[in-house]
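Taking it in order: structure first as structure tokens, then the write-up.
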Number of protein chains: 2
Amino acid sequence: MAEVTATLSIGQVAERTGLSVHALRFYEQQGVFVSPVRRGPGGRRVYSQDDVDWLTVCIILRASGMPLPALRRYADLVREGAGNEEERLTLMREHHERVTTQLGQLTQCLDLITFKVGVYEDLLDQERREAGPDQRRPSVDGDVPAFRPGTSA
Amino acid sequence: MAEVTATLSIGQVAERTGLSVHALRFYEQQGVFVSPVRRGPGGRRVYSQDDVDWLTVCIILRASGMPLPALRRYADLVREGAGNEEERLTLMREHHERVTTQLGQLTQCLDLITFKVGVYEDLLDQERREAGPDQRRPSVDGDVPAFRPGTSA
DNA sequence: GGTTGATCTAGAGCTGACTCTAGCTCCTAG
DNA sequence: CTAGGAGCTAGAGTCAGCTCTAGATCAACC
């Protein structure tokens with residue numbers, strides 16, 4: 001047992017995960033950790049590499065919009081141990097769907113932005129080409145040509 | 001002038017945009033509309049098709065995480081009329097960046113999920129193949145094999 | 001005339017995810 | 001021995017983005 005499983009303080013974990021110490025305590029209180037965070041002398045939290053690994057997963061899932069309750073649910077299942085893989089699968093598949101939906105929306109948005117950016121670039125280009133400084137058209141009503149969703153390259 | 005530019009009540013707009021009437025009033029108060037929403041008899045809001053079109057754009061931008069203040073800023077620029085295309089371009093490019101960043105994160109998350117789903121599917125598959133009902137292994141500590149970011153197909 | 005039902009305004013309330021504060025305990029260095 | 005810094009707990013505060021409520025108005029139908 002010469003394994004010195006590096007233990008980390010809350011500050012160190014904050015530093016290497018990018019979460020704040022506040023957030024770490026908050027996550028703990030929310031039951032996001034698989035194993036209860038151990039305590040060292042003086043009641044201080046002691047984190048293991050496993051904790052950090054788990055947090056890394058949590059951070060990715062959070063970044064993709066998984067709500068904390070779902071994260072807790074997942075942690076609960078993992079904590080329970082083998083035998084509930086179906087539930088974990090369900091949870092992951094649900095999130096998979098959320099994420100793909102989101103990807104769709106983002107892509108649609110990217111279409112829109114690309115379209116708008118193109119329009120404005122053309123406009124500015126044209127302006128520049130057309131004449132020297134100070135040449136203003138009567139103002140296009142509202143916004144440039146309407147974006148028709150699905151009209152992207 | 002035989003153009004009967006269909007006018008819509010707040011309820012109708014809510015219905016066809018999917019926003020709540022509350023949200024519509026809130027957006028208006030937040031200055032998200034390009035032209036002030038007109039009022040009909042009795043002070044009731046009267047929306048035009050243009051308003052709905054604009055809302056459609058707003059909804060897409062919101063869905064991709066553009067904050068309301070940015071939306072307002074954009075509306076301000078459009079309201080001002082031609083001449084500020086550079087600013088609009090900047091705004092859009094900024095959002096473009098946010099969106100691509102987000103797309104990256106989501107993709108990373110999708111990798112993770114796909115990996116986990118694969119693991120659980122294999123596990124369940126194996127279990128099913130291995131024997132009839134009730135056969136439980138001593139419990140895999142923590143979670144299945146760690147996910148190494150960037151290990152996806 | 002009475003009752004819906006949609007709207008209106010102003011403002012309070014809610015949710016999620018943190019973030020911050022106060023007051024206290026430790027540990028370490030000078 | 002004391003000063004500083006990191007940590008602790010409990011709980012309050014914040015922010016975005018809505019959502020809901022109350023109390024009033026108004027048009028339309030029975």
Side-chain angles (χ1 to χ4, degrees), chain A residues 6-33 36-48 51-52 54-55 57-75 94-95 98-99 102 105 109, chain B residues 6-33 36-48 51-52 55 57-75 94-95 98 102 105 109:
Chain A
T7 68
L8 303 166
S9 70
I10 194 167
Q12 290 171 314
V13 173
E15 203 176 325
R16 57 197 74 182
T17 58
L19 296 168
S20 69
V21 296
H22 301 293
L24 284 170
R25 289 193 277 248
F26 176 68
Y27 276 19
E28 180 179 348
Q29 179 208 309
Q30 294 297 301
V32 163
F33 284 88
V37 178
R38 282 172 303 152
R39 297 307 179 109
R44 300 188 167 201
R45 288 172 178 82
V46 171
Y47 297 86
S48 66
D51 289 327
V52 175
W54 176 254
L55 278 173
V57 169
C58 289
I59 288 166
I60 296 174
L61 292 173
R62 281 285 309 124
S64 63
M66 182 180 278
L68 283 186
L71 222 44
R72 162 162 63 208
R73 177 101 195 88
Y74 187 40
E94 272 167 24
H95 191 54
R98 273 199 292 270
V99 172
Q102 248 194 98
Q105 290 181 332
C109 184
Chain B
T7 68
L8 302 165
S9 70
I10 194 169
Q12 290 170 315
V13 173
E15 204 176 324
R16 58 197 74 182
T17 58
L19 296 168
S20 70
V21 296
H22 301 294
L24 284 170
R25 288 192 277 248
F26 176 68
Y27 276 18
E28 180 179 347
Q29 181 208 305
Q30 295 297 302
V32 164
F33 284 88
V37 178
R38 282 171 304 151
R39 296 307 179 107
R44 298 188 168 200
R45 287 172 179 83
V46 171
Y47 297 85
S48 66
D51 290 327
V52 174
L55 279 172
V57 169
C58 290
I59 288 166
I60 295 175
L61 292 173
R62 281 286 307 125
S64 62
M66 182 180 277
L68 284 186
L71 221 42
R72 164 162 60 209
R73 177 101 193 87
Y74 187 39
E94 272 166 25
H95 191 55
R98 274 200 291 270
Q102 247 195 97
Q105 291 181 332
C109 183

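Since the model is a prediction, treat every value here as computed from it, not as a measurement. Values reported hereafter were calculated over all heavy atoms of this structure, with side chains retained and with hydrogens, waters and symmetry mates removed. Chain A is the first sequence line, chain B the second, and so forth, proteins listed ahead of strands; every chain is numbered from 1.
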May I have the step-by-step check of side chain to side chain contact (heavy atoms under 4.5 Å, CB included) for A:Y27 and A:R62, ending in yes or no? CA-CA 11 Å; A:Y27 276 19; A:R62 281 285 309 124; 3.8 Å; yes
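Counting only heavy atoms from C-beta outward, the side chains of A:S48 and A:D51 approach each other to under 4.5 Å. A:C109 is not listed as a side-chain neighbour of B:R98, based on a closest heavy-atom distance of 4.5 Å or more. Between B:S9 and B:R44 there is no side-chain heavy-atom pair separated by less than 4.5 Å.
Each salt bridge (charged side-chain N to carboxylate O under 4.0 Å, His left out) pair with one or both residues in residues 23-33 of chain A, not counting sequence neighbours, appears once here: A:E28-A:R39, A:E28-A:R45.
Considering every non-hydrogen atom in both B:F33 and B:L24, the closest pair reads CE1-O, 4.0 Å.
Taking CD of A:Q30 as the reference point, atom CG of A:L71 lies at 10.5 Å (rounded to 0.5 Å).
Centroid-to-centroid, the aromatic rings of A:Y74 and A:W54 come within less than 6.0 Å.
Neither OP1 nor OP2 of D:dA16 sits under 4.0 Å from any side-chain N or O of B:R72.
Distance B:Q29 CD to D:dC18 P: 12 Å, rounded to the nearest Å.
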Output one letter per nucleotide in nucleotides 2-7 of chain D: B when a protein non-hydrogen atom lies under 4.0 Å from the base, S when only the sugar-phosphate is that close, - when neither is. ----BS
Pairs under 3.5 Å (N/O, protein and nucleotides 17-20 of chain C):
{"residue": "C:dA17", "atom": "OP1", "partner": "A:R62", "partner atom": "NH1", "Å": "3.3"}
{"residue": "C:dA17", "atom": "OP2", "partner": "A:L68", "partner atom": "N", "Å": "3.4"}
{"residue": "C:dC18", "atom": "OP2", "partner": "A:Y27", "partner atom": "OH", "Å": "2.6"}
{"residue": "C:dC18", "atom": "OP2", "partner": "A:R62", "partner atom": "NE", "Å": "3.2"}
{"residue": "C:dT19", "atom": "OP2", "partner": "A:S20", "partner atom": "OG", "Å": "3.3"}

